[in-house]
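Just passing along the structure, written as structure tokens.
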Amino acid sequence: LTEDFNTGFNPVLWNLMASSGVVIGTGCGAVTGSAAYFNGTGLRALTTYPMNTVHVTSVSFSIIVGSPSSPSSCEDADFGEDVVVEYSTNGGSSYTVIETIREDAAASFTKRSISLPLAARTPSTTLRFRQLSHSGAGLDNFAIDNFFSESTVVNAGSEAPVVVSVSSSRGLPGDGKVRITFPELFCLSAVSSSSGSADVDGTFHTTVSGREVTLTRSGGTVTSGTVRYTIANVTVPPVSGWTGTFRSKYET
């Protein structure tokens, strides 16, 4: 995904209904053409639509936060008026901060590259830029330009980790098991006892029987909702396209 803001906001990428205090402009300048310029009176935030970020490793962008050397339309931000990059995996109900850009850390357009944590690499992740505080329109401005996401490319027939999200209202017990059945064209011969992991507490022992991978949990607490399981050392199908249906089952 790329965005240079030169022709407005990409309507496929940015959810303007969940964004505020931002317009296309050059109040703080731009790397090229125009930028996303933040000058609103209330919440200043630019939010993406939920995206599939399973294979996204990092996002990069250029940012300027108003400083004493900036033009008057890019007024000097004060202490604590920092900008955060954050993500949500529940449709924006809550966010987790990935990185904080201090108000004195980008007096001119500065390129930043931020690694996307594993917990943010899901089939439905929302990213957001947000200023923690400001003093109103015409004050404490900032701008973002040249947004870009970097992804890993998985070639057909290659070995790669596979991420499977499983939802359950009852939850996975601290010593429970999850069985994941892979479609036929996946090869699991390289999957070992330490190949499985998840974004919850406890440890997981992995076993393979045919096309079924079993992750046995120990030392964890009951976890409800959606859990992301990563199985490493899986050889993906030798042809590109639709891979088939995964099946999962919890056991106590």
Margin query: Using side-chain heavy atoms (C-beta onward) and a distance below 4.5 Å, is Ile24 in contact with Tyr37?
Written below: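 The answer is no, as the side chains (C-beta and beyond) never meet within the 4.5 Å cut-off.
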Item checked: Side chain to side chain, Leu132 and Val83, heavy atoms closer than 4.5 Å ->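 No, side chains not in contact.
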Check: Is the ring centre of Phe186 less than 6.0 Å from the ring centre of Phe246?
Finding: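 Judged by ring-centre distance (under 6.0 Å), Phe186 and Phe246 do meet the cut-off.
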Next item on the list: Answer yes or no: is there a donor N or O on one side and an acceptor on the other, between the side chain of Asn10 and the main chain of Trp14, under 3.5 Å?
Entry: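 Checking the backbone N and O of Trp14 against the side chain of Asn10, no donor-acceptor pair under 3.5 Å is found.
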Check: Hey, would you say the Tyr95 and Tyr87 ring centroids sit under 6.0 Å apart?
Finding: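 Aromatic pair excluded; centres sit 6.0 Å or further apart.
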Check: Please walk me through it: do Thr214 and Ser209 pass side-chain contact (heavy atoms from CB on, under 4.5 Å)?
Finding: CA-CA 8 Å; Thr214 300; Ser209 177; over 6 Å; no
Note to self: Going by the rule salt bridge (Lys or Arg N to Asp or Glu O under 4.0 Å), which residues pair with Glu99 if we only count those two or more places apart in sequence or in a different chain?
What the structure shows: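 Salt bridge (Lys or Arg N to Asp or Glu O under 4.0 Å) list for Glu99, sorted by chain: Arg112.
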Check: For the ring pair Phe142 and Phe38, is the centre-to-centre distance below 6.0 Å?
Finding: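 Close enough - the centres of the two rings lie under 6.0 Å apart.
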Next item on the list: Report the residue from Thr100, Ile101, Ile144, Val97 that forms a side chain to side chain contact (heavy atoms under 4.5 Å, CB included) with Val85.
Entry: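 Single side chain to side chain contact (heavy atoms under 4.5 Å, CB included) partner of Val85 among Thr100, Ile101, Ile144, Val97: Ile101.
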Next item on the list: Search all heavy atoms of Pro117 against all heavy atoms of Ile98 and return the closest pair with its distance.
Entry: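 Closest heavy-atom pair between Pro117 and Ile98: CD-CG2, 4.1 Å.
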Next item on the list: Establish whether Leu139 and Val65 are linked, either directly or via other cluster members, by ILVMFWY side-chain heavy-atom contacts under 4.5 Å.
Entry: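 No; tracing contacts between hydrophobic side chains, which count when under 4.5 Å, never links both residues.
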Check: Can you list the steps and then say if Val162 with Thr230 is a side-chain contact (heavy atoms from CB on, under 4.5 Å)?
Finding: CA-CA 6 Å; Val162 172; Thr230 302; over 6 Å; no
Notebook entry, point to check: Heavy atoms, side chains only, cut-off 4.5 Å: are Phe148 and Ser60 in contact?
Noted result: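 Contact flag for Phe148/Ser60 side chains = yes.
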Notebook entry, point to check: Counting distance only, does the side-chain N/O of Ser58 pair as donor-acceptor with the main-chain N or O of Ser115 below 3.5 Å?
Noted result: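 No; zero donor-acceptor contacts below 3.5 Å.
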Next item on the list: Ignoring hydrogens and angles, state whether a donor on the side chain of Asn141 or Asn39 is under 3.5 Å from an acceptor on the partner side chain.
Entry: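 Per modelled atom types, Asn141 and Asn39 side chains form a pair under 3.5 Å.
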Margin query: Test: salt bridge (charged side-chain N to carboxylate O under 4.0 Å, His left out). Region: residues 59-82. Which pairs qualify, not counting sequence neighbours?
Written below: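 Not a single pair qualifies under salt bridge (charged side-chain N to carboxylate O under 4.0 Å, His left out).
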Notebook entry, point to check: Can Phe182 be reached from Tyr250 by stepping across I, L, V, M, F, W or Y side chains whose heavy atoms are under 4.5 Å apart?
Noted result: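 Hydrophobic grouping puts Tyr250 with Phe182.
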Note to self: Testing the basics here: between Val12 and Tyr49, what is the closest heavy-atom pair and its distance to 0.1 Å?
What the structure shows: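 Smallest heavy-atom distance, with atoms named: O-CD1, 3.5 Å.
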Notebook entry, point to check: Closest approach of Thr206 and Ser192, non-hydrogen atoms and distance?
Noted result: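 Reported closest heavy-atom pair: CB-O, 3.4 Å.
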Notebook entry, point to check: Is it the case that Asp140 and Ser135 place a side-chain donor and acceptor less than 3.5 Å from each other?
Noted result: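 Yes.
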Check: Side chain of His134, backbone of Leu43: donor and acceptor closer than 3.5 Å?
Finding: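 Such a contact is absent between His134 side chain and Leu43 backbone.
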Next item on the list: Decide yes or no for Pro173 and Asp175: does some side-chain heavy atom of the first lie under 4.5 Å from some side-chain heavy atom of the second?
Entry: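 Result yes, sub-4.5 Å side-chain heavy-atom pair found.
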Check: Does any donor atom in the side chain of Ser67 or Ser69 lie under 3.5 Å from an acceptor atom in the other side chain?
Finding: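 Yes, because at least one side-chain N or O of Ser67 sits under 3.5 Å from a partner of the opposite role on Ser69.
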Next item on the list: Check whether any side-chain N or O of Thr125 sits under 3.5 Å from a backbone N or O of Ala120 as a donor-acceptor pair, and report yes or no.
Entry: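 Side chain of Thr125 to backbone of Ala120, a donor-acceptor pair under 3.5 Å: yes, one is there.
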Item checked: Donor-acceptor side-chain pairing of Asn15 and Ser19 below 3.5 angstrom ->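 Side chains of Asn15 and Ser19: no pair found under 3.5 Å.
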Next item on the list: Give a yes or no on whether the backbone of Leu127 and the side-chain of Thr48 come within a donor-acceptor separation of less than 3.5 Å.
Entry: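 Indeed, once roles are kept as given, a pair shorter than 3.5 Å links the two residues.
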Checklist line | Arg211 versus Glu184, closest heavy-atom pair with distance | finding: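 For Arg211 and Glu184, the tightest heavy-atom pair comes out as CD-CA, 3.6 Å.
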Note to self: Please check: side-chain N/O of Arg102 versus main-chain N/O of Ala106, any donor-acceptor pairing under 3.5 Å?
What the structure shows: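 Flag not set: sc Arg102 to bb Ala106 has no pair under 3.5 Å.
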Margin query: Is any side-chain heavy atom of Arg130 closer than 4.5 Å to one of Arg44?
Written below: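 When only atoms from C-beta onward are counted, Arg130 and Arg44 do not touch, as no gap falls below 4.5 Å.
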Check: In Å, rounded to the nearest 0.5 Å, how long is the span from CZ of Arg179 to CZ of Arg247?
Finding: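 Output value for this atom pair is 15.5 Å.
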Check: In the single-linkage hydrophobic clustering (I, L, V, M, F, W, Y; side-chain heavy atoms under 4.5 Å), do Ile64 and Leu46 co-cluster?
Finding: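 No; tracing contacts between hydrophobic side chains, which count when under 4.5 Å, never links both residues.
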Checklist line | Joint hydrophobic cluster, Met51 plus Leu116, side-chain heavy atoms closer than 4.5 Å | finding: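 Per the 4.5 Å side-chain linkage, Met51 and Leu116 are co-clustered.
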Check: Any idea which heavy atoms bring Cys28 and Ser73 closest together, and the distance?
Finding: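 Result for this residue pair: SG-O, 4.3 Å.
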Check: Taking atom types as modelled, is there a side-chain donor on Thr53 or Arg121 under 3.5 Å from an acceptor on the other?
Finding: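 No, because no side-chain N or O of Thr53 sits under 3.5 Å from a partner of the opposite role on Arg121.
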Checklist line | Thr235 OG1 to Leu185 CG distance, which is reported to the nearest 0.5 Å | finding: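 Taking OG1 in Thr235 and CG in Leu185, the distance rounds to 12.0 Å.
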Next item on the list: Kindly compute the distance separating OG (Ser149) from NE2 (His55), expressed to the nearest 0.5 Å.
Entry: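 If we round to the nearest 0.5 Å, Ser149:OG and His55:NE2 are 12.5 Å apart.
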Margin query: Side chains of Cys187 and Val234, heavy atoms from C-beta outward: is any pair under 4.5 Å?
Written below: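 Not touching, per the 4.5 Å side-chain cut-off.
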Item checked: Shortest non-hydrogen contact from Asn146 toward Val31 ->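 Nearest pair, atom of Asn146 first, then Val31: ND2-CG1, 3.5 Å.
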Notebook entry, point to check: So how far is it from Ser197 OG to Leu215 CG, rounded to the nearest 0.5 Å?
Noted result: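 Spacing of OG (Ser197) from CG (Leu215) equals 8.0 Å.
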Check: Is the closest side-chain heavy-atom distance between Asn233 and Glu159 below 4.5 Å?
Finding: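 Yes, their side chains come closer than 4.5 Å.
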Note to self: Quick check: do Tyr229 and Ile180 have side-chain heavy atoms less than 4.5 Å from each other?
What the structure shows: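 Side chain of Tyr229 against side chain of Ile180, heavy atoms only: contact under 4.5 Å found.
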Margin query: Going by ring-ring contact (aromatic ring centres under 6.0 Å, His included), Phe61 matches just one of Phe5, Phe109, Phe129. Which one?
Written below: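 So the option named by the test is Phe129.
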Item checked: Test log, rule side-chain contact (heavy atoms from CB on, under 4.5 Å), inputs Arg217 and Leu172 -> CA-CA 9 Å; Arg217 188 185 190 191; Leu172 176 67; 3.8 Å; yes
Check: Are Leu118 and Ile114 in one and the same hydrophobic cluster, where Ile, Leu, Val, Met, Phe, Trp and Tyr link if side-chain heavy atoms are under 4.5 Å apart?
Finding: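 Different hydrophobic clusters.
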Note to self: Is a donor from one side chain sitting under 3.5 angstrom from an acceptor on the other, for Thr203 and Ser218?
What the structure shows: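 Yes, because at least one side-chain N or O of Thr203 sits under 3.5 Å from a partner of the opposite role on Ser218.
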Notebook entry, point to check: When rounded to the nearest 0.5 angstrom, what distance separates OG in Ser113 from CD in Glu150?
Noted result: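 Reported to 0.5 Å precision, the distance equals 5.5 Å.
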Margin query: For the residue pair Ser88 / Thr126, report whether a side-chain donor-acceptor contact shorter than 3.5 Å exists.
Written below: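 Ser88 and Thr126 do not have a side-chain donor-acceptor pair below 3.5 Å.
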